[in-house]
Structure formats: structure tokens, C-alpha cells
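Input: a single structure, listed below in C-alpha cells.
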Amino acid sequence: MRVDPLPGREDVMDRLSGALTGADAGPAVVVSGAPGIGKSAVLAALAADAATRGFRVVAGAATQYDGAPLGPLVTVTAGLTDALSAAERAELGSDALGVDLGSLGDERYRTARAVARIAARIAAREPLLVVVDDVHWADPATAEVLAHLLRHRVPGMVLAVGHRTGRLAPLLRRALVPIDGDVHVRLGPLPADVAAALLVGVPANRRAELVASSGGNPFYLRELARHRGGSVPTSVLAALRAEFAALSEPVRLAAQGAAVTGEPFDPVLAAAAAGLDVDEALDAVDELVGVDLVTVTPDPRRFRFRHPLVREAVHELAGTRWRRAAHARLAATLAAQGAAPAERAPHVLAAARPGDRDAIALLTAAAAEVTGRSPATAARWLRGAVDLVGSDAAERAGLLRKLAKVLGTAGRLPAAREALTELTALVPPGSERADVVVLAANLDLQLGHHDAARALLDDALAGQADPRSPAAARLQVALAAVGMHAGDYRAMRAAAAEAMASARTGGDPGLRALAAATLAVAEYHVGDVPAARACAAEAGLLAAGFDEAQVARRIGVIAWLGWAQWFTEDYAAAEATFTLGCEVTRRRGLGFVLAELQAGLACTLLSRGRIADAAREAEDAGDAAELTGARLALGMATMTRAEAALLRGDTDVALALSSRTSAELAPSDVAGRVVCGPVLAEAHLAAGGARAAAATLLDIGGGADLVHVEPTWQPRWYEILTHAALARAEHAAAADWADRAARAAAGLGLAGRTAAAARARGAVLLAGADPVRAVEALAEAVELFGVAGCPLEVARSRVLAGQALAACGRSDGAVRELRAAESAAAAAGAESVRKPAVEALRALGRRPRRGAAGLSAREKEVAALAAAGLSDREIAARLVVSQRTVAGHLARARSKLGARTRTGLVEALTTGE
């Protein structure tokens with residue numbers, strides 16, 4: 001059964017119907033337009049159409065003036081959880097059954113994941129439509145959840161949102177960029193004949209006049225039509241004013257109280273806001289229902305205005321002074337009822353006057369209550385508290401510190417930077433001001449303002465009475481970070497060395513550890529690996545003596561140390577360091593640094609060959625960085641995801657991720673571009689774009705000498721350039737790039753870099769028909785990558801070594817190398833490494849190994865669910881991934897097991913063949 005389309009919106013409804021038909025892909029529907037144009041009516045018609053098609057429909061809406069954290073999603077989540085069976089509730093667990101998961105801070109993306117898990121479970125058995133209207137009024141926490149759901153689509157769920165044109169929060173605006181299958185419609189005016197047909201009972205001679213006055217806007221048209229007789233009102237507000245003026249004073253007051261209270265409103269609270277007794281207010285609400293100003297909701301204790309614009313008009317007609325007094329009465333009533341600070345805060349903020357001590361305390365407490373789940377809401381209340389404080393500089397400074405922190409956690413980095421500027425003026429010169437300057441400079445780095453950060457730090461250092469003070473050391477560490485991100489590695493080392501000299505004069509082991517870890521990274525970037533290792537060892541020894549509280553206070557030590565260990569190929573130590581940092585950050589609610597630590601852990605796990613673990617950690621890091629605006633961590637996490645996809649054989653995904661990240665970087669962000677370069681180039685190379693791969697590296701690296709790339713990273717770049725040249729049969733160029741790789745690796749003392757150069761040389765020799773010398777070079781690569789602790793690089797080298805041995809006629813040795821490569825790659829899920837090993841084995845007349853032992857952990861999981869009888873859609877819902885991802889895992893599993901069909905896959909798993 002098809003629901004009749006709305007008059008004048010037939011084409012729109014046909015387009016929206018297409019989204020329902022394509023629900024398996026998890027499309028988004030976006031309906032936008034001017035106030036009153038009919039967005040809610042279109043979404044309601046879509047919901048009715050979906051219900052007739054067997055969809056489960058759940059809906060919610062944001063409301064103006066209210067903004068309670070996650071308010072619109074409470075109704076949505078209740079509708080979703082009601083659809084779960086008792087067994088499903090138990091399986092999903094308590095964390096997936098509510099939108100408020102506690103104080104999550106940077107990990108509040110887990111709220112969205114909980115909603116997605118519930119939705120996926122439902123969508124696996126029945127199509128699902130989730131409608132959220134008026135998202136232009138959505139509170140920040142709701143906007144974050146919706147943005148996450150738009151970035152991570154749930155198969156079988158259509159997410160439909162409505163908003164006023166031009167009124168979206170930036171986070172939602174970015175997330176609403178359409179992809180294939182989405183339907184975006186912007187509603188325009190109704191055609192004149194359709195608009196006229198809506199005016200039932202209006203004399204024909206007035207219809208044209210009303211249609212012209214309304215501009216084809218359905219709401220305006222209805223409101224104008226209400227005022228029959230006399231002249232047409234000059235505006236809808238005037239029409240509503242006339243309607244409102246006809247009411248008795250108690251009824252007008254009740255309406256105004258309702259507009260202030262919230263939507264839907266409780267008549268008891270509306271009475272308090274209006275200053276009426278409850279019985280009088282209830283009588284007034286009955287009259288408001290009778291004149292159709294308000295309507296009854298499914299909950300008989302709650303009412304709402306007939307349209308949000310009506311509430312908006314009544315709210316404005318009440319006047320500023322009356323509204324402030326109403327908010328004060330409402331805040332007092334809520335306090336008497338024992339309401340939590342967060343429930344009272346909006347009304348206190350609207351009613352308070354400068355110097356109100358109770359209001360400042362309440363707003364501060366309310367901010368603390370909601371910071372974990374909605375830091376942007378907390379920031380609004382803290383900003384209000386700051387504005388209420390008088391001339392007390394110490395109190396104002398304390399509030400500004402809290403404000404800057406929650407703004408940073410909320411990803412409002414420009415606003416956080418402004419708060420720090422204001423704070424700097426209140427803090428006396430000395431150690432405390434230096435700490436504020438360091439925070440401000442770090443934000444400048446995140447915003448890409450390298451020159452501003454450097455100037456700020458230089459100015460602060462010039463103002464230090466003692467250039468060897470602890471404050472000076474902290475400023476120098478921050479200056480070293482600026483040098484690194486700007487690609488000025490010698491300036492980075494100079495600043496880090498100054499920080500180390502200053503730290504050694506004091507007795508603070510935490511500051512010494514920070515300076516040593518920073519200097520370790522700096523020494524690495526200028527190519528002095530022994531010095532980098534010595535500094536990292538010193539920092540590690542000092543940090544080993546920290547208890548958890550000290551780790552929390554010196555979390556920067558952990559971040560610098562983890563990267564120093566990763567850069568110098570001490571991957572086991574780096575994993576332990578980053579893991580410690582993540583654990584402490586979560587337990588202590590440290591916020592902004594979590595995404596960077598997670599990104600570092602993801603990089604480390606990938607280096608150690610743990611593709612699935614690395615991808616999960618990188619996704620967590622990316623989701624956290626999206627919320628906090630941690631641009632640098634987001635770039636690192638995204639490139640790790642791209643590299644993991646490349647290893648899995650998902651070349652299109654890798655190319656899309658790395659291309660997008662590279663395109664978003666400014667030319668001045670040298671460090672970010674250098675991180676992107678190798679992954680983007682390898683993705684191009686895997687996709688058959690050897691020319692694009694070489695061009696990418698030479699552009700980002702600054703030419704053949706790679707002047708923008710730190711010396712310690714150049715061997716990897718030159719190896720990729722070698723393979724790109726070989727792919728284009730440019731053997732002389734490939735030999736030159738391989739020679740450059742060898743020269744760049746010489747003397748570094750990094751086994752992995754020397755191995756990369758050896759592999760490049762081996763590839764050139766193999767292509768040049770010198771397989772004997774190629775075997776020697778590739779054996780060196782296998783050994784040195786093993787020393788470095790990079791198992792997948794060992795496997796990649798073994799594939800080439802096997803091919804070289806085969807070219808020498810040493811088939812037994814070739815098979816051993818290729819079998820070892822195939823086994824390691826299959827266990828890790830590295831299809832891009834396993835596939836060439838299998839092809840080389842088949843060329844030697846050998847069949848690849850069969851059986852589940854050759855599958856990756858994820859492939860085993862997906863194959864086992866398929867063997868249990870679940871469809872691709874059900875598996876996707878169970879694992880909260882796309883059906884395309886499931887199909888890819890199953891295809892690779894069938895390939896590895898030699899199974900042509902799903903039935904053959906089940907048989908292979910069952911028999912172990």
C-alpha cells in the first residue's frame with residue numbers, strides 16, 4: 001500500500017520513496033527549507049509510507065530554546081530499545097541500551113556506536129526508518145551522534161533529518177555531504193493552484209490574495225487564512241499577535257509560560273513560569289487546546305504548540321523582561337523539586353544578573369555534570385558563569401581555565417583559543433602564564449597556525465627572567481613541537497636541546513623526562529638515531545618511576561616517549577607506552593590527548609603486523625579526533641586506516657582515505673603531508689598508478705632530494721619510488737632510486753630502513769635478470785625486517801625472495817619462502833601480501849594451503865557466521881559493518897579455501913580442507 005503523496009510534493013515524495021527502496025545501503029534523507037515550508041509534513045508522510053512498507057519507524061525532534069543534552073535522541077533510543085527482545089537486550093549489554101553512557105569525554109562517540117548497534121540489530125530483521133526533525137536546533141551532543149551515524153552508515157536503516165536552510169551546526173553540515181543513494185531535497189513554495197486548493201472555506205476572491213501574501217509557504221498560508229474578515233495581516237507575526245490578544249490574560253500568561261518551559265511542556269511547570277496557580281493554568285491549557293493554539297501529545301500530561309513557529313512567536317511576544325522573570329520562577333520551582341543542576345541551568349542562565357553568586361555556582365556545577373556527554377553544552381554554561389563574574393580576576397581565571405578545557409574537548413578550538421587569550425591577560429607573569437601560553441600554542445598548532453604559535457612562544461621566552469627556569473623549559477618543548485610540524489627539524493632540535501639544558505638544572509624528574517622524550521624525537525628527525533635512543537632510554541627510565549597521578553600530570557611525556565620509541569623501531573616499548581597513556585587518560589578523564597595516544601598505538605600495532613587491532617584503534621582515534629578537532633591525530637589515524645586497508649587488499653578504500661586526508665592538508669603542514677605521502681603513493685601504486693605514486697612523493701618531498709622529508713624516513717620513500725619506476729619499466733631510474741635508498745639508510749642504525757633499501761636493491765636486481773644477487777639482497781631484507789620487528793614487511797620481502805629463488809631455479813627454497821609469506825600474511829589478514837605469494841606458488845605448480853588456519857581473525861569470524869546460516873545482511877548487523885565489507889571478507893575466505901560458493905565455504909570450514 002502506498003500512502004497518497006502530499007499535494008504539491010509528489011515529485012519530492014517519489015524521490016524519498018527511492019531511499020526506502022534502497023534501504024539496504026543505509027541511505028540518508030535530508031529535507032531542508034524555510035521555516036513553515038512543510039519539512040515536518042514531508043517527513044511525516046515519509047514515515048507513513050515507510051510504515052505501510054513494513055518499516056519500523058522511530059522519530060524524534062529537536063526543539064528551540066531547550067537544548068538538553070541528547071534530548072531528541074531519548075525518544076529515538078526508547079523506540080529502538082522497545083523493539084529488542086529480552087535476549088537481544090542481554091546480548092547487547094547495558095552500554096548499548098541508553099544514550100547517556102556516563103562521563104565519556106573524548107570517547108563520547110561510543111554513545112553513537114551504542115545507538116548504531118541497536119539499530120543494526122533491528123535493521124537485520126526488518127527495515128528501519130529513523131526520523132529526527134528540526135536538527136538545526138539539535139544540542140551539540142545530539143549533533144555529534146547524528147554526524148557519527150552519517151559517517152558510519154547502518155545497513156538497512158534510513159536516517160531522515162529535517163532542518164531549516166542555512167541553520168546547521170558545522171559538524172552536521174560536514175557530515176551531510178551526500179553520497180551515492182542519499183536523497184537531499186530543498187523544499188520550495190507550493191504551486192499557486194495547490195496552495196489555493198488548501199484554502200477550504202475561503203471565498204474565491206480572497207484566495208489569490210492569501211496565496212500571494214503567503215509566498216506559497218503552507219504554514220504562513222494557514223495562519224493568514226485563520227484571520228477571516230477585515231484586511232489581511234501584514235505579517236504572520238501580526239496575525240499571531242491578533243490571535244493572542246483575543247485570549248484572556250490568564251490564558252495568555254499560560255501560553256507564555258509554556259513557551260518558556262520547553263516542548264512538549266508540562267502544565268504544572270508552565271504554571272510556575274507564568275506565576276499562576278496550577279488549577280488556573282490547567283483551565284487555561286484547556287482553552288488553548290480549544291482554540292488550537294496547543295495540541296495534546298500521546299502523553300496526556302504533555303502538550304505542544306501547533307507548530308514550532310507558533311511557539312517561537314509566543315516566546316517573542318512575551319518580551320525580554322517577562323521571559324527573564326518567568327525563567328527565574330521556573331528555576332526556583334525546579335530547585336524546590338530537587339531538580340539536578342543541569343535541568344535548572346538553562347533557566348538560571350536566562351534569569352541571572354551579573355554578580356549572582358548562586359547562579360555562578362549552579363552553572364559551574366551543571367557544567368561539571370554534563371561535560372562528559374556534552375562538553376559544548378558545558379561550555380555554554382561556563383561561558384555564562386564567566387560573564388556573571390564581576391571584577392574578581394582569580395575567580396574569572398579559574399572559570400576560564402575550565403571553559404578552555406571543555407571547549408577543546410568539544411572541538412571548538414577557535415573559541416578555546418579565545419578563552420586562553422582572555423585568560424593570559426588575567427594571569428601574572430611567571431610559571432602559570434607560561435603554562436597558559438603553551439596551551440595556546442598547542443591550539444595554534446592544531447589550527448594550523450604555525451607562525452602564530454612560534455611568535456607566541458618566542459615572545460613568552462623573551463619575557464622569562466630566568467632562561468633556564470622550568471617555565472622556560474616547558475616553552476622550549478612547545479617550540480620544538482612547532483618546529484616538527486612546520487618541518488624545520490633543526491630548529492626543533494635546537495629548541496629541544498635548550499629544554500633539556502634547562503630541565504637538567506632543576507630537580508623535577510617529570511620535566512627532565514619531558515625534555516628528554518622531546519629531544520629523542522628531535523634527534524631522530526635530524527638523523528641522529530643513537531642520540532635519539534639514548535634520550536628515549538633516559539626518558540623511559542624516568543617515566544618508569546611515575547605513579548598514575550604523575551603519569552596523568554605528565555601525559556605529554558608519554559606521548560613524546562611513545563613516538564620516540566616508535567620512530568626508533570622499539571615497537572614493543574612503544575606499544576606499552578601508548579597503552580599506558582590511553583588507560584590513564586581514560587581513567588583520569590584527561591581528554592584532548594587521547595586521540596593522539598590512540599593514533600600512536602594504532603601505528604605501532606600496524607608496524608607489529610596486527611592489522612585488525614590497528615584498524616580498530618585507528619577508527620577509535622579518528623572518531624575521538626573528529627569530536628575534539630584534533631586535526632593532527634585525525635590525519636595520523638586516517639592514514640593508519642588507509643595503510644591497514646592497503647594491506648587487506650582494499651585498494652579503493654585506501655586510496656579514498658589517503659587522497660581525502662592529503663587534500664585537506666595545507667601546504668604549510670609539512671609534517672602532516674610527509675605522513676600522508678608514502679601511504680598515498682603506495683595506494684596509487686596498488687591501483688596501477690605508478691606515475692601518480694612517483695609524482696605524489698616528489699611533490700610532497702620537495703624533489704628528488706626529498707628536502708622536506710626527515711633523513712630517517714627517506715629510505716622508505718626511495719623504495720616506493722624504486723617500485724614505481726619498475727612498474728613503468730624505467731630500470732635506470734629504479735636503480736638510481738635504489739642507490740639513493742641505500743645512501744639514505746647508511747649509518748642510521750635503523751634495521752627497518754636498511755631493510756627497505758636492501759629490498760629496493762633486490763627488486764631492481766630481480767627485474768634486471770640478476771636473480772642471484774637479488775636473492776642476497778632480499779635475504780638481507782628478510783633478516784633486517786625481522787630484527788626491526790615488522791612481520792608483514794618480512795612477508796613482503798619473502799615474496800620477492802621466493803620469486804628470485806625461483807628465477808635461480810631453486811624451487812624448493814622458493815616454495816619455503818613463499819609458504820612462509822603466505823602463512824604470515826593470511827594469519828594477519830594481509831591479502832595484498834598473500835595474493836602475490838599464492839600466485840608465485842601456483843606459477844611453481846604448488847597449491848596454496850587450505851583450511852581455516854589460513855584465514856585472518858575477521859575472515860574466520862565472518863565465515864563462521866555464514867556457516868551458521870546468517871545472511872550477509874545479518875552478519876553486517878551483528879558486526880556493525882557494511883554488507884560490502886562482509887562480502888569482501890567472504891570472497892577472500894572463499895579464495896583462500898578454494899571454495900567457489902557459499903556452500904563450498906561451509907563445507908571447507910567443516911572438513912578443514
Side-chain angles (χ1 to χ4, degrees), residues 1-33 37-62 72-85 88 99 112 115-135 138 142 145-146 148-150 152-163 172 175-176 178-187 218 297-298 871 873-874 876-877 880 882-883:
M1 175 181 172
R2 173 74 182 274
V3 175
D4 291 335
L6 292 172
R9 304 297 189 199
E10 292 85 358
D11 290 346
V12 168
M13 296 311 301
D14 282 343
R15 291 182 61 194
L16 300 191
S17 177
L20 298 179
T21 303
D24 282 351
V29 167
V30 182
V31 181
S32 62
I37 202 66
K39 300 180 294 295
S40 298
V42 166
L43 289 174
L46 175 65
D49 189 9
T52 66
R53 297 174 182 230
F55 277 68
R56 180 172 292 273
V57 179
V58 295
L73 292 181
V74 171
T75 304
V76 169
T77 307
L80 291 173
T81 54
D82 285 347
L84 297 174
S85 67
E88 287 173 327
V99 293
V115 175
R117 281 195 295 274
I118 300 171
R121 180 54 60 88
I122 296 168
R125 62 169 184 263
E126 58 182 325
L128 175 65
L129 172 66
V130 174
V131 179
V132 185
D133 199 3
D134 293 327
V135 298
T142 295
V145 172
L146 292 175
H148 183 99
L149 293 175
L150 287 162
H152 304 275
R153 302 300 178 87
V154 175
M157 181 185 86
V158 179
L159 176 61
V161 300
H163 70 89
L172 269 179
L176 282 171
I179 62 174
D180 288 346
D182 288 356
V183 179
H184 286 225
V185 295
R186 182 171 179 175
L187 300 181
T297 70
S871 67
R873 180 172 178 172
E874 289 169 331
V880 196
S882 71
Q883 287 180 244

Nearest non-hydrogen partners of A123 and L128, listed with the distance: CB-CB, 4.4 Å

Minimum heavy-atom distance between T75 and A59, given as atom pair plus value: CG2-O, 3.2 Å

V132, V76, V130, L176 screened by side-chain contact (heavy atoms from CB on, under 4.5 Å) with L146, the one that passes: V132

Residues which pass side chain to side chain contact (heavy atoms under 4.5 Å, CB included) with A175, listed by chain and number, not counting sequence neighbours: A147, L150

Listed partners of R15 passing side-chain hydrogen bond (donor to acceptor under 3.5 Å, both in side chains), at least two apart: none

Under the side chain to side chain contact (heavy atoms under 4.5 Å, CB included) test, residues paired with H152 that sit two or more places apart: H148, E619, D623

Residue list, side-chain hydrogen bond (donor to acceptor under 3.5 Å, both in side chains) with S32, at least two apart or on another chain: none

T81 and its side-chain contact (heavy atoms from CB on, under 4.5 Å) partner, picked from V58, I122, I118: I118

Set of residues satisfying salt bridge (Lys or Arg N to Asp or Glu O under 4.0 Å) with respect to D134, sequence neighbours excluded: none

Test salt bridge (Lys or Arg N to Asp or Glu O under 4.0 Å) applied to R186 - qualifying residues, sequence neighbours left out: none

NZ/NE/NH1/NH2 to OD/OE distance under 4.0 Å, D82 and R56: no

Pairwise side-chain contact, F55 with D49, heavy-atom cut-off 4.5 Å (strictly under): no

Steps toward side chain to side chain donor-acceptor pair (under 3.5 Å) verdict (R53, S17): CA-CA 10 Å; R53 297 174 182 230; S17 177; 2.3 Å; yes

